[in-house]
Amino acid sequence: MDVAALAGSLKALAADLPFPAFDTADRHFEAAQSELAEAARESNAEVGLHKLGSARERLDAARTRLAEASEAVDDYLAAIGAGSGPAPAQAAPDRGAPAAAPPLVDPRQWWTDRVNELCDRAGDAEPEKVPPTRLFNDLLKAAGEGNADAYCKRLRDAGPETGVKLPGLAWPLVRSLAAEHLGRNPNASDVPVLRDKCVAKVRALVPGAEPLHVAEALASACTLGAGTGDDAARTAAIGPVLVAAMHRLPRQRPQDAHETTERRPRT
């Protein structure tokens with residue numbers, strides 16, 4: 001390959017570096033961060049803001065490396081006497097019209113689709129502005145009645161802004177009910193037993209919640225863990241129905257637990 005052909009090829013590659021794609025990705029991140037910040041207000045739930053911030057930092061680092069690569073190409077072209085700048089039209093392959101930037105994700109539509117998937121239901125959301133406590137109580141009522149259609153609809157209509165606040169209301173109740181059932185404060189060793197007692201009732205309303213997800217929710221509630229992963233819709237969907245399932249477990253009075261301990265054989 002002669003110098004002119006090499007220069008043309010390098011200029012074509014430099015012109016094709018994906019700076020616009022980085023700008024588009026950063027706009028998407030910024031929009032998502034704004035939505036999550038709004039959803040996180042007055043919520044104890046982990047909604048991924050710190051992870052999104054880390055992703056933007058990595059994007060900025062990648063943009064810096066890309067700029068360094070572009071400068072290196074320019075320096076090399078200057079060194080071989082070919083200069084820098086855009087490649088001649090004939091040197092670049094014909095790629096047709098540039099692809100349109102992907103649309104921003106609509107958080108409410110994502111929420112609607114995800115809740116439908118988790119609850120194995122279908123339907124469009126009828127957006128309703130409702131306080132988190134009222135939503136939580138409505139979902140508890142639907143869960144107590146075993147009304148899967150109402151449970152899905154109420155959660156779907158509430159949208160992500162309110163839905164992500166449900167775990168902050170559910171986890172203290174789950175921990176309290178677990179303590180009443182066990183006759184003592186729960187710990188990590190209790191999670192498998194509690195999961196087995198509750199998983200069928202949870203999955204009756206939220207079939208998309210696997211036993212592992214129920215265990216993660218119980219661990220988060222009972223051991224004051226850091227959360228149940230990145231799926232905010234799944235975490236929200238599990239919370240109220242898990243409270244309803246825990247509420248049905250028999251209570252053990254503290255004196256019963258003491259008597260059970262007293263009856264254990266001494267070694």
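Counting begins at 1 with the first residue of the sequence. Not measured: the values here are computed from a predicted model.
- Here K129 does not pair with E161 in a salt bridge; the nearest charged N to carboxylate O distance is not below 4.0 Å.
- With respect to the salt-bridge test (charged N to carboxylate O, under 4.0 angstrom), the residues R134 and E128 qualify.
- At a threshold of 4.0 Å, the pair D149-K153 does not count as salt-bridged, since none of the basic side-chain nitrogens sits closer than that to a carboxylate oxygen.
- The main-chain N or O of P186 is never found under 3.5 Å from a side-chain atom of D190 such that the two would form a donor-acceptor pair.
- A salt bridge between D231 and R114 is present, with a side-chain N of the basic residue lying under 4.0 Å from a carboxylate O of the acidic one.
- The line from OG1 of T162 to CG of D157 is 11.0 Å long, rounded to the nearest 0.5 Å.
- Linking Ile, Leu, Val, Met, Phe, Trp and Tyr residues whenever their side-chain heavy atoms come within less than 4.5 Å leaves W171 and L212 in two separate clusters.
- No donor-acceptor distance shorter than 3.5 angstrom exists from the side chain of Y151 to the backbone of V206, with no hydrogens or angles considered.
- Cluster membership for W110 and L155, using ILVMFWY side-chain heavy atoms within less than 4.5 angstrom, is shared.
- Taking 4.5 Å as the limit, some side-chain heavy atom of N187 sits within range of a side-chain heavy atom of R184.
- In this structure a side-chain-to-backbone donor-acceptor pair under 3.5 Å is present from T112 to R108.
- Proximity of a side-chain donor or acceptor of R251 to a complementary backbone N or O of L249 within less than 3.5 Å is detected.
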